[in-house]
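Beneath this line is the structure, given in structure tokens, with notes to follow.
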Amino acid sequence: MELYKKPAYLLSEMIKKKECSAVEITQSFFNRIGNIDEKIGAYITLNNEGALKAAKAVDEKIAKGEAVSPIAGVPIGIKDNISTKGLLTTCASKMLYNYVPPFNATVMEKLISNDSVILGKLNMDEFAMGSSTESSYFKLTRNPHNLDKVPGGSSGGSAASVAAGECAFALGTDTGGSIRMPAAYCGVVGLKPTYGTVSRYGVVAFASSFDQVGPIARNVKDIALLYNAICGYDKLEATSVKKSYPDFTKGISGNVKGLRIGIPAEYFGKGVDSEVKEKVLSMVKELEKQGAKVIEINLPSTEYALSAYYIISSAEASSNLARFDGVRYGYRAKEYDNLIDMYEKTRDEGFGDEVKRRIMLGTFVLSSGYFDAYYKKAKVVAQNITKEFNHAFEECDVIATPTTPVTAFNIGENINDPVKMCAGDICTVPINIAGLPAISVPCGTICKMPVGIQFIANKFNENILLNTARAVELINGEAEVCEISGQEGK
């Protein structure tokens, strides 16, 4: 088997046992990228020299008998809104087409201290705004399972690269489902951690109260390995939670005997494809056979979640993106008459349609006369959603839902219909509103396209999520590298 096809935990063991070198593994992934990324379009920037240098350093440590971390030498891809010192960080936008950060995000410092091999930066929806990775300024990313389908978004490049074997695992960010949706569409595992468990320092902000960095991998153990490396308190980040964390690779046996699984009717109703619903509920029945207890619950404010999410997130985006004005870094319009004209032309030329749409919506709901009518009401809905989840977790340990209401749609199918595009987030945005952890794991296919089941847990209960996801994995099998030979993208 080619090295790029092996899971991260096996690659780690092989490096330590000297069955292969970190350099050989890294080269295997770069060869894979060179062979298929023209079709997939996952990477914006490659870090060839830096990756091979890091891999060589790991091999030298192993040769000297030095201890190395569980992810040392394992190649990883990074979503392009995470700051990487000396390496382009574009947010897939013309606005930051030439931006090279002078510092690393905290998650990058953690990866480097663990001797990770950074392969490059991955494509995404511009400034993480989108559900299909079609709003990228640079390129289109395709779903490895069908090149005519979208990979989901906004972390589409992260999920597609993992599914296609272009990295062992990847980092994404999740504001309203942007890790879980592409993980579901691409048939891999994606974890959105509890808000505050992973530092946002150095991550280009979309909606600060929702954004969270998390891992994407082909199996649950790899997710746990990567989450171990990136979680933890950071004094540089105001919302970072100061607490101790367990070793998340422990206790993921897949034993669900006695586990209470909540099934909310609101996540299985209008808008959810009947076949997706069937696949998810069928997997829940399998878990029930293994000793889990299924409980019907209600989350009535779910129907208002999308509206509240888009009001609050757009308001925060309007504020966060005000800094991109052409003055200090990034794109600047070439022709303008004065300072105000430079601001206006730079933002008009530098931002894409989806980003402009959300900035305008956010500015509108924050404006005088509309703040009370929209923003304040959305915040009340957010509080109600959080209260309902808290009540639900008095009755159950995890909540099971579809990750997405449908499987991956065709490229170009929804790009001109913002309302339809937003509807794809119906099952994921409530979790970000409440700051809860959630995981998506493959639970079957429909017409050869993956279906994801989502498990939600109370805050800081990622260990329960990982164990439940492992139970699904034991039933369904670990995801393998997707072969794309013979596929034709239009």
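Within a 6.0 Å radius of OH in Y370, other residues, nucleotides and ligands contribute 12 heavy atoms or fewer. Counting non-hydrogen atoms of other residues, nucleotides and ligands closer than 6.0 Å to NZ of K243 gives a total above 12. Enclosure of atom CG in D353 is not indicated, since only 12 or fewer non-hydrogen atoms of other residues, nucleotides or ligands lie within 6.0 angstrom. No more than 12 heavy atoms of other residues, nucleotides or ligands sit less than 6.0 Å from atom CD of E480. The environment of E278 atom CD is sparse: at most 12 non-hydrogen atoms of other residues, nucleotides or ligands sit within 6.0 angstrom. Heavy-atom neighbours of K459 NZ from other residues, nucleotides or ligands within 6.0 Å: at or below the threshold of 12. Remark: K94 NZ is packed, more than 12 non-hydrogen atoms of other residues, nucleotides or ligands lying under 6.0 Å away. No more than 12 heavy atoms of other residues, nucleotides or ligands sit less than 6.0 Å from atom OH of Y374.
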Dump the intermediate steps for side chain to side chain donor-acceptor pair (under 3.5 Å) on E316 and S209, then the final yes or no.
CA-CA 8 Å; E316 293 185 18; S209 67; 2.5 Å; yes

Audit row: K285, E288, salt bridge (charged side-chain N to carboxylate O under 4.0 Å, His left out) steps and yes/no:
CA-CA 5 Å; K285 287 181 180 178; E288 191 173 20; over 6 Å; no

Can Q290 and I475 be said to form a side chain to side chain contact (heavy atoms under 4.5 Å, CB included), step by step?
CA-CA 10 Å; Q290 296 189 10; I475 295 168; 3.5 Å; yes

What verdict does the side chain to side chain contact (heavy atoms under 4.5 Å, CB included) test give for Y9 and T249, after you've listed the backbone C-alpha separation in whole Å, the side-chain angles of each residue and the deciding distance to 0.1 Å?
CA-CA 10 Å; Y9 67 84; T249 63; over 6 Å; no

Where do N414 and S132 land on the side chain to side chain donor-acceptor pair (under 3.5 Å) test, with the steps shown first?
CA-CA 9 Å; N414 296 334; S132 63; over 6 Å; no

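Residues A400 and I453 share a closest heavy-atom pair of CB-CD1, 4.5 Å. Of all the heavy atoms in I263 and F268, the pair that sits closest is CG2-CE1, 3.6 Å. The two residues S253 and N467 have their closest heavy-atom pair at N-OD1, 3.1 Å. Between E473 and V189 the shortest heavy-atom distance is OE2-CG2, 4.2 Å. Minimum heavy-atom separation, Y195 to D211: CE1-O, 3.5 Å. The two residues V272 and P402 come nearest to each other via the heavy atoms CG1-CG, 4.0 Å.
Between E413 and K149 no salt bridge is recorded (no basic side-chain N to carboxylate O distance below 4.0 Å). Using a 4.0 Å cut-off between charged side-chain N and carboxylate O, R470 and E478 make a salt bridge. By the 4.0 Å N-to-carboxylate-O rule, K289 lies close enough to E286 to be salt-bridged with it. At a threshold of 4.0 Å, the pair R200-D234 does not count as salt-bridged, since none of the basic side-chain nitrogens sits closer than that to a carboxylate oxygen. Between E275 and K279 there is no salt bridge, since none of the side-chain N atoms of the basic residue sits less than 4.0 Å from a carboxylate O of the acidic one.
Residues L226 and L111 form a side-chain contact, since some pair of their non-hydrogen atoms from C-beta on lies under 4.5 Å apart. R358 has its side chain within reach of F206: a pair of non-hydrogen atoms, C-beta onward, lies under 4.5 Å apart. Between I223 and L466 there is a side-chain heavy-atom pair separated by less than 4.5 Å. Residues L122 and T141 have side chains not in contact (no heavy-atom distance under 4.5 Å, counting atoms from C-beta outward). The shortest distance between side-chain heavy atoms of S155 and D174 does not fall below 4.5 Å. For the pair C186 and V162, the minimum side-chain heavy-atom distance is 4.5 Å or more. By the 4.5 Å heavy-atom criterion applied to side chains, T197 and E462 are counted as neighbours. Proximity of T407 to D273: side-chain heavy atoms (C-beta onward) are nowhere separated by under 4.5 Å.
A side-chain donor from one of D222 and N219 sits under 3.5 Å from a side-chain acceptor of the other. A donor atom on one side chain and an acceptor atom on the other are found under 3.5 Å apart for S154 and K79. Counting only N and O atoms by type, the side chains of E126 and S135 include no donor and acceptor under 3.5 Å apart. In this model, no donor atom of one side chain and acceptor atom of the other lie less than 3.5 Å apart for S301 and N384. T89 and T84 share a donor-acceptor pair across their side chains, judged by distance under 3.5 Å alone. Between the side chains of N320 and S208, at least one donor N or O lies within less than 3.5 Å of an accepting N or O. Between the side chains of T403 and S440, at least one donor N or O lies within less than 3.5 Å of an accepting N or O.
Taking CD1 from I431 and OG1 from T401, the interatomic distance works out to 6.0 Å, rounded to the nearest 0.5 Å. Rounding to the nearest 0.5 angstrom, the gap separating the CG atom in L259 from the CD1 atom in I464 is 7.5 Å. Put simply, CE on M129 and NZ on K356 are 13.0 Å apart, with the number rounded to the nearest 0.5 Å. Here the CG-CD1 distance, from L171 to I78, works out to 4.0 Å after rounding to the nearest 0.5 Å.
With ring centers used as reference points, Y245 lies 6.0 Å or more from Y227.
The aromatic rings of F409 and Y185 lie perpendicular to each other, with more than 60° between the two planes, well past the 30° mark.
Of the possible donor and acceptor atoms, none in the side chain of S314 sits under 3.5 Å from a partner among the backbone N and O of I311. Using modelled atom types, one side-chain atom of R347 and one backbone atom of L321 make a donor-acceptor pair closer than 3.5 Å. Under the 3.5 Å distance criterion, the side-chain polar atoms of N228 are matched with a main-chain donor or acceptor of F248. The backbone N or O of A160 sits nowhere less than 3.5 Å from a side-chain atom of E166 that would complete a donor-acceptor pair. Side-chain N or O atoms of Q212 include one that pairs as donor or acceptor with a backbone N or O of G196 at under 3.5 Å. Here the side chain of T133 pairs a donor or acceptor atom with the backbone of G152 at under 3.5 angstrom.
Of the candidates N458, N461, L465, T386, N458 is the only one forming a side-chain contact (heavy atoms from CB on, under 4.5 Å) with L436.
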